[in-house]
Amino acid sequence: QASGNSRTLVAYLSRSGNTRVIAGQLQRRFRADLFEIRTAEPYPEDYEETVERARQHRDSAATPPLAESVGDVAGYQTVFLGFPIWGMALPAPVRTFLTTHDLSDKTLVPFITHGGYGTGSAPRSVADLASGARILEPFVLQADQERETLNRVTAWLQAVEPEL
Ligand SMILES: Cc1cc2nc3c(=O)[nH]c(=O)nc-3n(C[C@H](O)[C@H](O)[C@H](O)COP(=O)(O)O)c2cc1C
């Protein structure tokens with residue numbers, strides 16, 4: 001978590017780990033402080049329940065409270081902000097992060113992973129919510145979808161179950 005003397009912060013949200021891999025690489029490269037965006041009330045373990053919660057939060061433009069904030073965000077010059085696309089949009093916890101941390105006059109570098117449908121409205125939301133920051137072009141990466149993994153495992157289990 002954020003605490004050191006670094007001038008660079010890597011803040012990220014990740015459920016299934018894709019975005020976390022990038023965050024770790026950035027942390028090592030820049031000797032940055034790492035901050036995981038977590039909500040006070042955790043999202044469900046179950047994938048479908050998470051999709052439903054994410055949908056509700058998106059449709060109500062919710063800002064679910066975070067478990068913790070960055071201690072001294074003013075001390076950072078550069079903030080890398082990583083997140084997955086949820087429902088073609090910025091995940092609600094990242095919305096909360098941006099509304100509760102003042103990133104004015106900082107360089108903000110988004111890095112975004114998605115399951116194949118692009119970044120949707122997220123870049124626009126980041127620009128709106130961090131209007132005082134100098135925002136660089138986001139790094140965008142298509143990555144595995146948890147849903148696809150679950151579907152493939154379901155098919156495999158259907159095939160293997162008669163043999164168990
Ligand atoms: C709740 C939820 C909603 C998602 N919605 C989308 C979507 O709208 N478009 C898309 O391309 N991928 C979507 N995905 C897939 C993720 O964006 C993609 O797998 C991402 O790399 C996950 O990052 P993570 O492993 O860091 O959590 C969704 C995943 C979840 C869990």
Side-chain angles (χ1 to χ4, degrees), residues 1-4 8-70 79-101 108-127 129 136-164:
Q1 300 295 342
S3 66
T8 302
L9 175 69
V10 178
Y12 73 98
L13 173 75
S14 185
R15 170 180 159 85
S16 54
N18 298 336
T19 313
R20 181 175 295 114
V21 171
I22 305 170
Q25 185 173 1
L26 294 170
Q27 178 200 22
R28 290 187 296 277
R29 173 67 179 76
F30 296 103
R31 301 179 199 283
D33 292 338
L34 195 62
F35 178 79
E36 182 173 7
I37 299 171
R38 293 181 298 114
T39 49
E41 183 188 336
Y43 275 66
E45 280 290 323
D46 181 77
Y47 176 81
E48 294 300 341
E49 288 175 26
T50 294
V51 169
E52 184 51 34
R53 177 81 53 88
R55 192 193 327 269
Q56 291 165 0
H57 279 168
R58 182 199 60 198
D59 292 348
S60 60
T63 49
L66 300 186
E68 54 186 340
S69 318
V70 176
V79 177
F80 288 90
L81 176 64
F83 54 87
I85 296 299
W86 282 2
M88 299 307 290
L90 187 75
V94 182
R95 174 183 303 280
T96 308
F97 177 85
L98 287 171
T99 54
T100 54
H101 295 79
L108 178 59
V109 196
F111 57 102
I112 306 174
T113 71
H114 65 88
Y117 302 97
T119 56
S121 60
R124 180 76 255 157
S125 296
V126 170
L129 294 166
L136 301 195
E137 196 65 29
F139 172 70
V140 179
L141 184 72
Q142 180 176 340
D144 285 346
Q145 275 206 52
E146 198 174 339
R147 181 192 298 282
E148 181 65 19
T149 300
L150 295 172
N151 287 346
R152 292 205 183 193
V153 172
T154 299
W156 166 56
L157 290 178
Q158 273 165 3
V160 82
E161 253 161 15
E163 301 183 50
L164 300 179

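All residue numbers refer to positions in the sequence shown, counting from 1. This is a predicted model, so every value here is computed, not measured.
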Verdict with reasoning, Leu81 to Tyr12, per side-chain contact (heavy atoms from CB on, under 4.5 Å): CA-CA 6 Å; Leu81 176 64; Tyr12 73 98; over 6 Å; no
Residues Arg15, Glu45; criterion salt bridge (charged side-chain N to carboxylate O under 4.0 Å, His left out); working and verdict: CA-CA 9 Å; Arg15 170 180 159 85; Glu45 280 290 323; 5.8 Å; no
Steps toward salt bridge (charged side-chain N to carboxylate O under 4.0 Å, His left out) verdict (Glu148, Arg152): CA-CA 6 Å; Glu148 181 65 19; Arg152 292 205 183 193; 3.0 Å; yes
Residue pair Glu48, Arg147: steps toward the side-chain contact (heavy atoms from CB on, under 4.5 Å) verdict: CA-CA 9 Å; Glu48 294 300 341; Arg147 181 192 298 282; 3.3 Å; yes
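Residue Ile85 holds its CD1 atom at 12.0 Å from CD of Gln142, rounded to the nearest 0.5 Å. Residue Leu34 holds its CG atom at 9.5 Å from CG of Leu26, rounded to the nearest 0.5 Å. Interatomic distance, His101 NE2 to Leu66 CG, rounded to the nearest 0.5 Å: 6.5 Å. Note that the CZ atom of Arg95 and the OG1 atom of Thr63 stand 8.0 Å from one another [nearest 0.5 Å]. Once rounded to the nearest 0.5 Å, the distance linking CZ of Phe111 with CG of Leu136 reads 13.0 Å. Between atom CD of residue Glu161 and atom CD of residue Glu163 there is a gap of 11.0 Å, rounded to the nearest 0.5 Å.
The local environment of CD in Gln25 is sparse, with at most 12 non-hydrogen atoms from other residues, nucleotides or ligands closer than 6.0 Å.
Note on ring orientation: taking the six-membered ring where Trp is involved, the planes of Tyr43 and His57 are perpendicular (angle over 60°, cut-offs 30° and 60°).
Between Trp86 and Arg55, the closest side-chain pair of non-hydrogen atoms is not below 4.5 Å. Taking the side chain as every heavy atom from C-beta outward, Leu98 and Val126 approach each other to under 4.5 Å. Using a 4.5 Å cut-off on side-chain heavy atoms (C-beta onward), Glu68 and Glu36 make no contact. Side-chain contact between Phe97 and Phe83: absent, with no pair of heavy atoms (C-beta onward) separated by less than 4.5 Å. Residues Pro84 and Leu13 form a side-chain contact, since some pair of their non-hydrogen atoms from C-beta on lies under 4.5 Å apart. Using a 4.5 Å heavy-atom cutoff, the side chains of Asp33 and Val70 are not in contact. Residues Ile112 and Phe139 fail the side-chain proximity criterion, which asks for heavy atoms closer than 4.5 Å.
Between the side chain of Thr50 and the backbone N or O of Pro44 there is at least one donor-acceptor pair closer than 3.5 Å. Arg31 places no side-chain N or O within donor-acceptor distance of the main-chain N or O of Gln27, the cut-off being under 3.5 Å.
Closest approach of Thr96 and Pro65 over heavy atoms only: CG2-CA, 4.4 Å. Residues Pro93 and Ile37 approach most closely at O-CG2, 3.6 Å, considering heavy atoms. Nearest heavy-atom pair, Arg58 versus Ala89, reported as atom, atom and distance to 0.1 Å: CD-CB, 3.8 Å. Contact between Pro162 and Ala159 at its shortest, heavy atoms only, is CD-O, 3.4 Å. Shortest non-hydrogen contact noted between Gly17 and Ser14 is N-OG, 3.1 Å.
When the ring-ring contact (aromatic ring centres under 6.0 Å, His included) test is applied to Phe80, the partners found at least two apart in sequence or on another chain are Phe30.
For Thr113 and Thr19, the side-chain atoms include at least one donor-acceptor pair closer than 3.5 Å.
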For a quick test of your reading: what N or O donor-acceptor pairs under 3.5 Å do the side chains of residues 117-125 make, sequence neighbours left out?
residue: Ser121; atom: OG; partner: Met88; partner atom: O; Å: 3.3
residue: Arg124; atom: NE; partner: Asp128; partner atom: OD1; Å: 3.4
residue: Arg124; atom: NH2; partner: Asp128; partner atom: OD1; Å: 3.1
residue: Ser125; atom: OG; partner: Ser121; partner atom: O; Å: 3.2

